[in-house]
Each structure stands twice: as C-alpha cells, then as structure tokens.
Amino acid sequence: MAPKSIILKMPLPKAKLPLVVLLGPTAVGKTELSLQLAERLGMEIISADSRLLYRGMDIGTAKPSPQELARVAHHLVDVTDPDETWSLARYQQAAHAAIVSINLSGKMPLLVGGTGQYLRATLQGWTPPALKPNPGLRTALEAWAAADGPEALHAQLAILDPPAAAAIDYRNLRRTVRALEVLLSTGAAFSEQRSTQESPYAVLQIGLKRPRPELYARIDARIGAMLAAGWLDEIRALLAAGYDPELPSLSAIGYRQLIQHLRGELSLDEAVTLIKRNTRAFVRRQANWFKPDDPQIEWFEAGQGDVLEEIQLKVEEFLEDLVTD
C-alpha cells in the first residue's frame, strides 16, 4: 500500500489540476469504496449527486451517514434546503471551487456520483445557453404542464429536440420548461446551444459496475432498508416543515411515490413497486451517460477480487504520471 504522502508531496501541475472521478449507477457501491479509497490516499470527496445537496433528504437519497461523513471530508453535501433550486451552472461553480481548494491544500479531490449531467458538465466545461428568461413563455409552458401533465410537455420536447429530452427526466419540469423556452425563443435546439471548453483538469475516470440482475437486487434491498430506517417519517418531517410536495427536489424517485402514498393515492405496496420500477429505469438512463465502451473510463467490476486494491493502483499510476510529466 502506497503511503498517503504520495499526494501530499505531489506538486500541482502547471496547466491542469488533477482530479479523480468515481462514477457508476445507483446502488453499485460507490459510497463505501470512495470512503476506503479516500482514507488510503488522503483524498477529499466532492459529491456529484444532485439529491445529496439537500438538507433533510437523507434516507431516501442514500446520503452517507454522519459517521461516514466524519471519516473523510465531504463537499457539496447538505449545502442547501429542499426549496432552493441549484442550477447546473451553480453546481459547476461550486464543484470547481472545491476542486481548486482541495488541490491547493495539498490533497487530491475525488469526485463521486451518479448524476451524469453534473459529471459531464464539470469534466467538459459545459457552458449553458446565454439567454435571459422569458417570463411570458415560461408561464405559458408551466400552464400547459399544469393542464396536461409534465409528460405532455416532455413529449413535445422529445419531438422538437430528442437529445435534450433524452437527457431530462420528464418529472423535472423546471429543466423541461427551460429547454423549450430556449428552443422556442431562439429557434435552435437546446441541445445544440450548449458549448464545451477544454477541461481545466487532468482527469482519471474510474467506473464501477455490476451485472444488471445483481444491481437490481441491491436496489430492491436498499429500498427495503430505507423504509425500515424511517424513510416515511423523513418525508412526513419535510412536509410538516412546510416544504411543497411539488418542489423539484421532492420529485426525486421514491419521494414522489411515498408522498402519493401519504396522500392516500397509492398503497404502500403500490408505491414501493413504482419506486423499484422507476429506479431500474433510472439505472438504464444512467447507462447513457456512463457507456461501457467509453475509452475515457477505466471500468472495474464491484465485488470481484480486490477491486479496491486494483483501483488504488490505477490512481497511484495516474498520480505518478502527473509527477513525472
């Protein structure tokens, strides 16, 4: 095992900041492996999970426990309330600030998560379209969604801009409205207006995977464990605190279905069935972001051999190459 000082003694590269990324689908086992890797190599973790931002949403987001958070320094976890919207640009700025700060402290940042858009935007330097909001058009689109449902609005986006629709969950009304607003205001597809810049980071991307049946079994077991840990009580507390159940943050898989259950619209069994089904669909969408044949991702099979040792070796090789270049 290499000493932690391998990072502490490493000078910052002249051009690009080093960054290690651990990505993969939900429930694959990123949390524990990231903690172990960070402990071994003196790293600090930056979350790339859109739901871990929110305070009070702990159980249903599989947020690291207080004990786990205490093991390693974490960034972009519990930084806002559920009724505050974080744009992609805001996340990018916060992630970059954390990456710079960690590097300057002499440690290595470990970006961990399964929100493909957050990861891609951070690594590729996405620049969103520079278009001022159109309140009238936005109000009309929101009224359409209120009358016909968010699915209808998303279906229209899928007709006009299929790539944008494929990257946006239909339940995320805010992003669907924004994509249509940009498209209808400019006449150009939202997906074509996003520009990229050269990444400011020297990046090693580590992908963690499992066979799909095994992953689904882990998802089912985790949902059961969340319910046993008090997920319903967590949602009751959020609603009692005055948070609107229609907030984008509470549209997260599981929260929406359990809110429907608490309203009497679904039985608990029906809600759980939908949560499992939607989580599996989410895993399939994640696969569009994390492709097995992506040459920029070094893939490792979770649960096979000593995967932690293998990944640690890969990270050490990456760091040594940076030092010798």
Side-chain angles (χ1 to χ4, degrees), residues 2 4 6-25 28-31 33-38 40-50 52 72-76 88-89 91-128 167 194-209 286-300 302 307-308 310-325:
K4 293 181 180 179
I6 185 173
I7 292 175
L8 299 179
K9 293 179 179 179
M10 186 183 70
L12 291 178
K14 294 180 180 179
K16 294 190 175 185
L17 298 173
L19 174 64
V20 178
V21 179
L22 178 63
L23 57 83
V28 76
K30 297 185 296 296
T31 297
L33 193 143
S34 67
L35 288 167
Q36 294 174 346
L37 188 64
R40 288 188 176 200
L41 295 177
M43 301 168 120
E44 294 189 10
I45 293 172
I46 304 169
S47 169
D49 188 309
S50 62
L52 298 192
V72 173
H74 282 70
H75 302 260
L76 300 185
L88 180 61
Y91 173 81
Q92 283 178 274
Q93 293 168 359
H96 180 67
I99 292 167
V100 171
S101 174
I102 295 167
N103 269 291
L104 290 176
S105 74
K107 295 186 177 181
M108 172 63 59
L110 178 60
L111 186 64
V112 181
T115 301
Q117 189 181 46
Y118 277 18
L119 289 165
R120 192 76 60 82
T122 300
L123 299 180
Q124 296 182 355
W126 284 4
T127 303
R194 181 184 62 220
S195 62
T196 61
Q197 302 174 357
E198 182 180 356
S199 175
Y201 314 121
V203 179
L204 170 65
Q205 295 188 64
I206 299 293
L208 202 58
K209 63 181 180 178
Q286 285 178 307
N288 293 324
W289 293 100
F290 316 134
K291 295 185 180 296
D293 59 351
D294 188 335
Q296 298 183 33
I297 301 175
E298 300 276 354
W299 285 102
F300 293 84
V307 68
L308 176 61
E310 295 172 6
I311 291 175
Q312 179 180 341
L313 179 61
K314 179 63 65 174
V315 173
E316 290 170 349
E317 291 173 352
F318 166 70
L319 299 178
E320 289 168 1
D321 287 344
L322 288 178
V323 172
T324 56
D325 283 347

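Keep in mind that this is a model prediction, so the values were computed, not measured.
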Answer yes or no: is there a donor N or O on one side and an acceptor on the other, between the side chain of Ser50 and the main chain of Thr115, under 3.5 Å?
no

Taking salt bridge (Lys or Arg N to Asp or Glu O under 4.0 Å) as the cut-off, I'd like each qualifying pair that reaches into residues 286-297, sequence neighbours left out, listed once.
none

Please list, chain by chain and in numerical order, all residues satisfying side chain to side chain donor-acceptor pair (under 3.5 Å) with Glu44, sequence neighbours excluded.
His75

Separation between CG of Leu204 and CD of Glu317, rounded to the nearest 0.5 Å:
9.5 Å

Are any non-hydrogen side-chain atoms of Glu316 and Leu319 less than 4.5 angstrom apart?
no

Looking only at atom types and distance, does a side-chain atom of Lys30 sit under 3.5 Å from a main-chain N or O of Gly24, one as donor and one as acceptor?
yes

Partner set under ring pair (Phe, Tyr, Trp, His ring centres under 6.0 Å) for Tyr91, not counting sequence neighbours
Tyr118

Find the distance between OG (Ser34) and CD1 (Ile206) and round it off to the nearest 0.5 Å.
13.0 Å

Taking side-chain contact (heavy atoms from CB on, under 4.5 Å) as the criterion, tell me which of Ile297, Val203, Val112 meets it with Val21.
Val203

Atom CG in Leu110, atom CG in Leu22: separation rounded to 0.5 Å?
6.0 Å

Hey, is the main chain of Ser199 close enough, under 3.5 Å, to the side chain of Lys16 for a donor-acceptor pair?
yes

Atom CD of Gln296 with >12 non-hydrogen neighbours under 6.0 angstrom:
no

Taking every heavy atom of Leu23 against every heavy atom of Gln205, the minimum-distance pair comes out as CD2-OE1, 3.4 Å

Let me confirm one number: the CG-CG distance from Leu17 to Asn103, rounded to the nearest 0.5 Å.
4.5 Å

Of all heavy-atom pairs linking Val72 and Met43, the shortest is CG1-O, 3.5 Å

Locate the shortest heavy-atom distance separating Ala48 from Leu111; write the atom from each residue and the value.
CB-CD1, 4.0 Å

What's the separation between atom CG in Leu19 and atom OG1 in Thr122, rounded to the nearest 0.5 Å?
8.5 Å

Least distance between heavy atoms, Leu119 atom then Gly113 atom:
CD1-O, 3.6 Å

Ignoring hydrogens and angles, tell me if any N or O in the side chain of Lys209 forms a donor-acceptor pair with the backbone of Val28 under 3.5 Å.
no

Excluding sequence neighbours, so at least two apart, what forms side chain to side chain donor-acceptor pair (under 3.5 Å) with Tyr201?
His96

Can you list everything that forms a side chain to side chain donor-acceptor pair (under 3.5 Å) with Glu298? Sequence neighbours excluded, please.
none

Can you name the closest pair of heavy atoms from Met108 and Ile102 and give their distance?
C-CG2, 3.7 Å

Carefully, step by step, assess Ile45 and Leu35 under the rule side-chain contact (heavy atoms from CB on, under 4.5 Å).
CA-CA 8 Å; Ile45 293 172; Leu35 288 167; 4.2 Å; yes

Closest non-hydrogen atoms of Leu37 and Leu308, given as atom of the first, atom of the second and distance, are N-CD1, 4.0 Å

Using 0.5 Å steps for rounding, measure from the NZ atom of Lys314 to the CD1 atom of Ile311.
10.5 Å

